[in-house]
S.K.: 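The structure is given below, and queries will be raised subsequently.
Residue numbers start from 1 in every chain, and the chains themselves are labelled A, B, ... in the order their sequence lines are given, proteins ahead of strands.
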Amino acid sequence: MEKTEANSLKNKARGGKSTYDPFSISLKWQSKWEEEGIYQPDLQNAKRPFYNLMMFPYPSAEGLHIGSIFTFGGVDVYARFKRMQGYDVFEPIGLDGFGIHSENHALKTGTHPFEHAKTTEENFYRQLHSTGISFAWKNKLETYDPGYYRWTQWLFIELFKAGLAYKKKSPVNFCPSCKTVLADEQVIDGKCERCSSIVEKRDLEQWFFKITDYAERLLNNIEGLDWSHKVKVAQKNWIGKKTGINISYDVEGIGTEVTVFTTRPDTNFGATFIAIAPEHPLVMEITTPENKKAVKAYIEQSAKKSDIERTAEGKEKSGVFTGSYAINQLTGYKMPIWVSDFVLVGFGTGALVGVPGHDHRDFEFASKFGLEIKRVVVGSDGDTSPITKLEQVQEEEGKMVNSDFLNGLDIHDATEKIMDYMEEKGYGERVSTYHLRDWLISRQRYWGPPIPMIFCKECHDKGESWFTTDEGRKHHELDRDDPENQHTFGWYPAPELPVELPYVENYKPLGTGKAPLANYPDFYEVKCPRCGLPATRETDVSDTFLDSAWYFLRYLATDSDEAPFPSSKFKVQSSKLNGRECFLPVTMYIGGAEHSVLHLLYARFVTMVLKDLGYLDFEEPFSRFYAHGLIIKDGAKMSKSKGNVINPDVYIKKYGADAVRCYLLFLGPFNQGGDFRDSGMDGMSRFLKRVWKLFVDSELDGNMTPGAMSMMNETVKGVTEDLEELRYNTALSKLMIWYNFLVKQEKLSREEGETYVKLLAPVAPHMTEELWSIFGNAFSVHTSAWPTFDTKAIVHETVKLAVQVNGKLRAVLELDQVSAKDEKKVRELAEKEPSVAKFLEGKSVKKFIYVSGKILNFVAI
RNA sequence: GGGCGAGUGGCGGAAUGGUAUACGCGAUAGUCUCAAAAACUAUUGGUCACUGAGACCUUGAGGGUUCGAGUCCCUCUUCGCCCACCA
């Protein structure tokens, strides 16, 4: 207190106009911005729409941490920059409040999720306001608001009607701690991504979305997206397209065949066994009576194991013989069929053909169970001996041997040839297989939108469903006899939305495979919308990733309950939304790379579906996606368990939001983040104070020299280009360089002052707004026009030329512009330089290189 | 095991194939002060020389292309992230 007063007295004594008090400045302008609504674009009549979107966060009771300020700050700089460039920038914010994360927190603190949500919401928005981000506050949304999730449910029903949602019993990932099933994408290393418990396999009936129908399109579109490279690669890998061939082998004496998938049919002359997954539907059928007992025991045993156990240390193979053999058409070899849990039911056909000579896993399996190992490839090491050691297993390259008509061919040529041959003979057909699984959407939890479906036992038994109603038939023709379609029997969409999540006392997860709502008959007892007989509601809720898969559409229609989002398909009903679709698709999307696979893939899928249903006229939701970096502390991710979470409130209070924001962005490149340290914050705070002082004390009545003019144009150019590419750290350094120049000038011009403040405005919005007003300009700097630059004005009176001898710097010549263009003169001057002459002495110049205005090099021997 | 990315001062980092270490932090010295803080000024990659001018070395290691390489190519190495019994 005393200090501040003393400082301000001193400033006054020096004749300063006013002290820099970031705190009061921030409050003053934040309320003014909101009053004037300058960040609220006219959604309907925007001329140059620019949708600048950040991933909305899921709230936690602790509120924002410093990393959020970094992210939000970086996103906001871009929004402010684009706004000043004349775009109608729409930058909304909301809360991804539904989901296991929030529910677990509520459980832990013993607060009901309804109350928990209310308090975190208040805290979150209050904190966000203090950061001064240019949000369109009027368009905020929360995923747990019935006004929001009625449309999430609408979306579910649209997918159901399009035949893209189905309920099916299958082995699914189950987290014993969260007591719910999880999508494939939410299992990391065999563990739950939320709580790190080891995930179990359970056979449960669940709702799925047929995202695999879109695998090819999701993959093909990636190439054309303006996205961070690593995110594109991650998506490609996750979709995991592999081309190969499905080969069917007759099972001897059973009258059926077993189909395997392989990408290496070239090695098929060396195939000596078949392995099928324990969950494979054919297992019991092909098992001979004397082996049934052992096979059954093995299946039961592996069903109990989690994926992580199945793939655990040493990768010791296990398996059991079925007693049957499959005939290899190429060799006539009788391949024993084994059941083994290293074969995954979800990949390929759930069965593989073993070539132990040329696949590491097959080798391990064959050696363990004494199966034959044949060599059919010789690698570049020239080894032709029998394969007895793992090191001899040649997978990568080589030439074919012991393979009849393939002999001598390179393995890649052999692959093509044998595939042609097998297709011709009818042994198999080329196929593509994907790593991507259908999206498991059900969650046996409480805190989510109830899945809006009703099941009628009566209709089910009669083979009726929504698809056999008049309306249903129009939508999607289903073949009732196809066993694949029988899972839809008895199901109807809820006739009224929203299906509200009821407030219940006991919301704890049950762990029985049923959701908490299954204990509340008031909720689930309904009448069948078709036949009127007693029916039951679905009691599972949907995955929280469904909430976030379409939120960017909703921001544009938060003031409407007539339609989920603006679309020409809804135009008749809701006129006030008309035209708002011009903001779509999202112009710029910024978020964490950790969502590369989950959220971004789901959002793309949902958008494609909505396009196919005629609601949208584009199929990729995010034109540009930029992955920001992370702020870490002492080299480690910030987390509560490590106790290294930095609370931004303290710093904002001490230094002001502008300084905190600038400091974080100056730390390093925006796509890399950086390590948080206290010390640098002082430096940034100092810089802002210096800038403040420079302009507050200046009369701004000077005239600019050509040098000053050049400096200004150069800075405008540099900062403009840097901001365009989100290079905030270098943009700030360019502003510091210009400051260092300006502070040495006798007098500053008005243009210099205004230009400087404008360039700084996106990163330090409060301070620049105050300076703008002190300059006597009309509100607001943030809606003023971004400065332009003239490349021609960037001129330097003199040119510094580096003089090299044999590529080594020996002197620097400073010449005027005209002389520098004269190569002959430049060469003469350079040769006269003593330090150059010294190195040229006694040598002859073989070559002379002159890059105009930059460098000259004598090549002398 | 596979994929992606990155190694530059004491630290964070900057460099369209053309003067490496911009900008900031830190450090040292000075000005102001009774003193301190703040602020301001100067210096700050290394080694040798240091009376002076200077010389040599330096972007993880080693090769290559080039008049010229932090930047392009190859080999190796370390670290980070993502995915993994994927047939």
S.K.: If you look at every strand shown and take non-hydrogen atoms under 4.0 Å, does Asn237(A) touch a base, only sugar-phosphate, or nothing?
M.R.: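 Contact class for Asn237(A): sugar-phosphate only.
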S.K.: Taking only side-chain N and O atoms of Arg810(A), does any of them lie within less than 4.0 angstrom of OP1 or OP2 on C56(B)?
M.R.: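 True: Arg810(A) side-chain N/O within range (under 4.0 Å) of C56(B) OP1/OP2.
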S.K.: For Gln672(A), report the nucleic acid contact type (base, sugar-phosphate, nothing); a contact means any heavy atom under 4.0 Å.
M.R.: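 Gln672(A): no heavy atom of the nucleic acid under 4.0 Å.
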S.K.: Identify whether any heavy atom of Val859(A) sits under 4.0 Å from a base atom; if not, whether one sits that close to sugar-phosphate; answer base, sugar-phosphate or nothing.
M.R.: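 Result for Val859(A) = sugar-phosphate.
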S.K.: What is the distance, to the nearest angstrom, from the CE atom on Met681(A) to the P atom on G24(B)?
M.R.: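 From Met681(A) CE to G24(B) P: 18 Å.
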S.K.: Under 4.0 Å, counting only non-hydrogen atoms across every strand here, what does Gly683(A) touch: a base, just sugar-phosphate, or nothing?
M.R.: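 Counting heavy atoms under 4.0 Å across all strands, the contact made by Gly683(A) is with sugar-phosphate only.
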S.K.: If you assign Leu667(A) and Val743(A) each to the RNA chain B nucleotide with the nearest heavy atom, which residue ends up on the more 5' nucleotide?
M.R.: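 In this pair, the answer is Leu667(A).
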S.K.: Would you say Arg690(A) reaches C40(B)'s phosphate, i.e. side-chain N/O to OP1/OP2 under 4.0 Å?
M.R.: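 Yes.
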S.K.: Looking at Thr212(A), Val597(A), Leu218(A), Ile211(A), which one forms a side-chain contact (heavy atoms from CB on, under 4.5 Å) with Ile239(A)?
M.R.: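 It is Leu218(A), the one option of Thr212(A), Val597(A), Leu218(A), Ile211(A) that forms the side-chain contact (heavy atoms from CB on, under 4.5 Å) with Ile239(A).
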S.K.: Expressed in whole Å, how much space separates the C1' atoms belonging to U28(B) and G18(B)?
M.R.: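 Going atom to atom, C1' in each nucleotide, I get 35 Å.
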S.K.: Taking atom P in both C11(B) and A27(B), compute the distance separating them and give it to the nearest angstrom.
M.R.: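 After rounding to an integer number of Å, I get 15 Å for this pair.
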S.K.: For the residue pair Ser248(A) / Thr259(A), report whether a side-chain donor-acceptor contact shorter than 3.5 Å exists.
M.R.: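 Short answer, yes.
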S.K.: Between the side chains of Arg827(A) and Glu823(A), is the shortest nitrogen-to-carboxylate-oxygen separation below 4.0 Å, so that they form an ion pair?
M.R.: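 The answer is no: the pair does not qualify as a salt bridge.
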S.K.: Taking the C1' atom of each, how far is C4(B) from C85(B), in whole Å?
M.R.: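 Per the computed distance, 22 Å lies between those C1' atoms.
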S.K.: Using atom C1' of each nucleotide, how far apart are C79(B) and A61(B) to the nearest Å?
M.R.: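 Roughly 15 Å separates the two C1' atoms.
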S.K.: Please classify the nucleic acid contact of Tyr663(A) as base, sugar-phosphate, or nothing, using heavy-atom distances under 4.0 Å.
M.R.: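 Nothing, no nucleic acid heavy atom in range.
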S.K.: U44(B) pairs with which nucleotide, Watson-Crick or G-U wobble, both distances below 3.5 Å?
M.R.: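 Across all strands, the one nucleotide that pairs with U44(B) is G26(B).
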S.K.: Taking 4.0 Å as the cut-off, does a side-chain nitrogen or oxygen of Arg361(A) come that near to OP1 or OP2 on C86(B)?
M.R.: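 Answer yes for this pair, as a side-chain N or O of Arg361(A) is under 4.0 Å from OP1 or OP2.
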S.K.: Considering only atom P, compute the distance from A20(B) to C56(B) and round it to an integer number of Å.
M.R.: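 One P to the other, the span is 13 Å.
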S.K.: Answer with base, sugar-phosphate or nothing: what part of the nucleic acid does Asn729(A) contact at a heavy-atom distance below 4.0 Å?
M.R.: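 Since only primed, P, OP1 and OP2 atoms lie under 4.0 Å of Asn729(A), the category is sugar-phosphate.
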S.K.: What I want to find out is whether Glu316(A) reaches Lys368(A) closely enough, with some N-O distance under 4.0 Å, to be called a salt bridge.
M.R.: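 Counted as a salt bridge, because a side-chain N and a carboxylate O are separated by less than 4.0 Å.
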S.K.: Do the two ring centres, one from Phe365(A) and one from Phe273(A), sit under 6.0 Å apart?
M.R.: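 That pair passes the under 6.0 Å test.
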S.K.: Using a distance-only criterion (donor-acceptor N/O pair, under 3.5 Å, no hydrogens), is the base of C85(B) paired with the side chain of Lys317(A)?
M.R.: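 Yes.
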S.K.: What integer number of Å spans the P atoms of C82(B) and U16(B)?
M.R.: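 One P to the other, the span is 30 Å.
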S.K.: Checking all strands, does His229(A) fall into the base, sugar-phosphate, or nothing category for heavy-atom contacts under 4.0 angstrom?
M.R.: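 Sugar-phosphate only.
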S.K.: Base, sugar-phosphate, or nothing for Asn740(A), non-hydrogen atoms under 4.0 angstrom?
M.R.: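 Counting heavy atoms under 4.0 Å across all strands, the contact made by Asn740(A) is with sugar-phosphate only.
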